[in-house]
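Whatever order the structure lists ligands and atoms in, that order sets their numbers, starting from 1.
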Amino acid sequence: MNTKDKTLQLLGGLTPEEFLAEYWHKKPLLIKNAIPNFTGLLRPEELAGLACEEDVQSRIVEEINGKWHARHGPFGDEDFAELPEQPDPKHRWTLLVQSVNHYLPEASELLQQFDFIPHARLDDLMVSYAPDGGGVGPHFDSYDVFLLQGQGKRLWRISEQTDLTLVEGAPLRILKNFDTTQEWLLEQGDMLYLPPHLAHWGIAVSSGNADCMTYSIGFRAPKEQELITEFLGFMQDKLSIDQITLTGRYQDADLTLQQHPAEINDAMIQKVDTILQKINWSRQEIAAFLGTYLSEPKPDVQFEPNRKISKRNFADKANNKGLVLDLKSQMLFTGTTFYINAEAADFTGVSATLLQTLADNRKLAAKDLTAAHPLDEHLLQQLYDWYLAGFIHYA
Ligand code: SIN
Ligand code: CO
């Protein structure tokens with residue numbers, strides 16, 4: 001369904017189009033009661049449990065007597081035992097866990113509410129827990145973020161300051177000076193959208209006996225330098241495939257005597273320049289690069305292969321139950337090429353429509369599969385391969 005003209009409570013009554021035109025990447029937006037009755041997706045103990053897992057990225061940030069410290073997980077019980085049980089103004093702390101959407105289906109569903117932003121821009125859902133006063137201090141991020149309040153409350157201060165000097169030697173980026181321009185106390189279900197580079201400072205405020213938990217829906221914006229480096233790597237792989245068209249070799253039948261035999265002369269530079277001009281790329285190659293690069297799993301992501309069954313058996317079960325992407329899978333498409341976890345596949349017609357649905361909604365209902373019955377053999381083989389690789393599962 002196209003939601004572009006529908007006003008969303010999630011956006012404080014704006015349509016996605018209005019939000020994109022007026023706020024996205026431009027200015028902050030406070031949305032009271034963005035998700036009514038939002039009590040959060042997991043309890044503090046469950047978050048701490050995740051932070052103890054080997055493949056989960058987590059941090060504990062502490063401010064002890066005004067000095068900042070950061071530790072990376074996985075953590076053990078002893079790490080939590082060292083933290084003050086009661087709020088202590090001299091020892092504040094917070095626990096932050098990245099990519100919670102890779103572990104919790106509810107977190108992945110929450111992210112789908114932000115489908116008005118392309119999946120290619122989405123990074124992950126980070127969840128933080130902090131007793132009274134805790135947080136990561138005043139800072140700015142390079143990314144857009146929606147900060148959704150779970151249990152407890154958080155006082156958000158923002159600043160329009162241009163002084164972005166950081167505290168020297170701190171293990172995380174803390175602004176040396178912070179001049180509050182505006183502040184809001186966010187309660188359960190409230191949300192604050194912040195564009196990149198806007199200075200902000202979130203301070204946990206406990207409410208009743210609930211400590212603060214904040215859900216950060218974060219977006220990725222690769223550095224230009226990273227895009228270029230990655231693209232050159234992609235092109236290098238491609239050049240080795242295309243070497244058939246690059247069969248020439250350096251030639252200098254026109255060589256003239258030079259005064260210094262050790263000198264790399266201008267004529268040589270010119271010849272190599274001409275050879276290098278053969279490197280070119282099309283928009284299609286850029287699209288292929290983006291599909292591969294943006295669907296590439298983060299280095300710590302592992303997929304668990306599904307138990308081997310016959311292709312027929314798989315087809316029957318998929319038709320009955322439907323299919324879903326693994327929580328860690330990233331599926332994107334451009335034109336008729338589909339990218340899942342950096343693997344590309346081309347499909348057209350009904351098969352392409354089915355795969356678009358799977359990519360957009362992260363699931364393919366049984367009725368969509370049965371409506372396309374019998375599945376094109378090439379598509380069935382592809383889905384079966386993805387199933388065996390653990391990229392997709394039965395719904
Ligand atoms: C948080 O502490 O939950 C949010 C961190 C941030 O300000 O980016
Ligand atoms: Co931030």
Side-chain angles (χ1 to χ4, degrees), residues 25 27-31 34-35 38 40-44 46-48 50-51 56-63 68-73 83 87 92-101 107 110-111 114 122-161 164 166-167 170-176 178 180-207 210-221:
H25 225 64
K27 57 183 183 189
L29 176 66
L30 170 72
I31 306 148
I35 303 191
F38 181 71
L41 304 180
L42 73 175
R43 295 193 308 274
E46 291 170 311
L47 190 71
L50 271 180
V56 177
Q57 274 191 42
S58 58
R59 278 172 299 156
I60 290 176
V61 172
E62 292 165 277
E63 189 194 4
W68 292 92
H69 306 262
R71 284 183 280 157
H72 289 264
L83 299 166
R92 293 178 160 143
W93 65 277
T94 180
L95 167 70
L96 307 124
V97 179
Q98 288 307 139
S99 300
V100 172
N101 52 305
L110 174 69
L111 290 184
F114 296 82
L122 184 67
D123 190 3
D124 71 341
L125 178 75
M126 179 185 84
V127 182
S128 70
Y129 165 86
D132 219 41
V136 294
H139 67 282
F140 67 93
D141 298 307
S142 311
Y143 315 103
D144 306 82
V145 65
F146 290 91
L147 298 152
L148 171 66
Q149 190 56 34
Q151 65 168 54
K153 297 180 187 179
R154 190 179 278 272
L155 179 68
W156 281 106
R157 296 184 168 149
I158 61 163
S159 169
E160 277 155 24
Q161 67 193 55
L164 299 179
L166 300 175
V167 172
L172 65 166
R173 292 147 51 92
I174 305 282
L175 285 166
K176 204 165 179 175
F178 189 89
T180 307
T181 318
Q182 244 180 317
E183 67 174 35
W184 300 283
L185 184 65
L186 268 73
E187 301 182 42
Q188 278 193 10
D190 295 345
M191 188 165 75
L192 179 62
Y193 162 74
L194 297 179
H197 302 296
L198 184 77
H200 56 281
W201 185 5
I203 303 161
V205 177
S206 300
S207 169
D211 287 332
C212 169
M213 287 183 81
T214 301
Y215 293 73
S216 299
I217 296 99
F219 294 83
R220 65 190 291 192

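With a 4.5 Å cut-off on side-chain heavy atoms, Q161 and L175 count as touching.
Nearest to atom 1 (C) of ligand 1 among the protein's heavy atoms is S128 OG, 3.4 Å. Ranking the protein heavy atoms by distance from atom 5 (C) of ligand 1 puts V136 CG2, 3.8 Å first. Considering only non-hydrogen protein atoms, atom 7 (O) of ligand 1 sits nearest to H139 CE1, 3.0 Å.
Looking only at atom types and distance, the side chain of Q98 has no donor-acceptor partner in the side chain of S58 under 3.5 Å away.
For D141, every heavy-atom contact with ligand 1 shorter than 4.0 Å involves the side chain, none the backbone.
F114 pairs with exactly one of Y193, F146, F219 by the ring pair (Phe, Tyr, Trp, His ring centres under 6.0 Å) rule, that one being F146.
Below the 2.8 Å limit, the Co ion (ligand 2) has as protein N, O or S neighbours H139 NE2, D141 OD2, H200 NE2.
For Y143, the OH atom counts as loosely surrounded, since its 6.0 Å shell holds 12 or fewer non-hydrogen atoms of other residues, nucleotides or ligands.
At distances below 3.5 Å, at least one donor-acceptor pair connects side-chain atoms of T94 with backbone N or O atoms of Y129. Formation of a donor-acceptor pair under 3.5 Å by the D132 side chain with backbone atoms of S206 is found in this model. Side-chain atoms of R157 never come within 3.5 Å of backbone atoms of T180 as a donor-acceptor pair (strictly under, hydrogens ignored).
Distances from ligand 1 to the non-hydrogen atoms of W156 include at least one value under 4.0 Å.
Remark: ligand 1 atoms within the under-4.0 Å shell around heavy atoms of H200 are 6 (C), 7 (O), 8 (O). Close contacts between ligand 1 and T214 involve ligand atoms 3 (O) [criterion: under 4.0 Å to a heavy atom].
Classified by interplanar angle (parallel below 30°, tilted 30° to 60°, perpendicular above 60°), the ring pair W201/F178 is perpendicular.
Scored by the side-chain contact (heavy atoms from CB on, under 4.5 Å) test, E63 finds W68, R92 as partners (sequence neighbours excluded).
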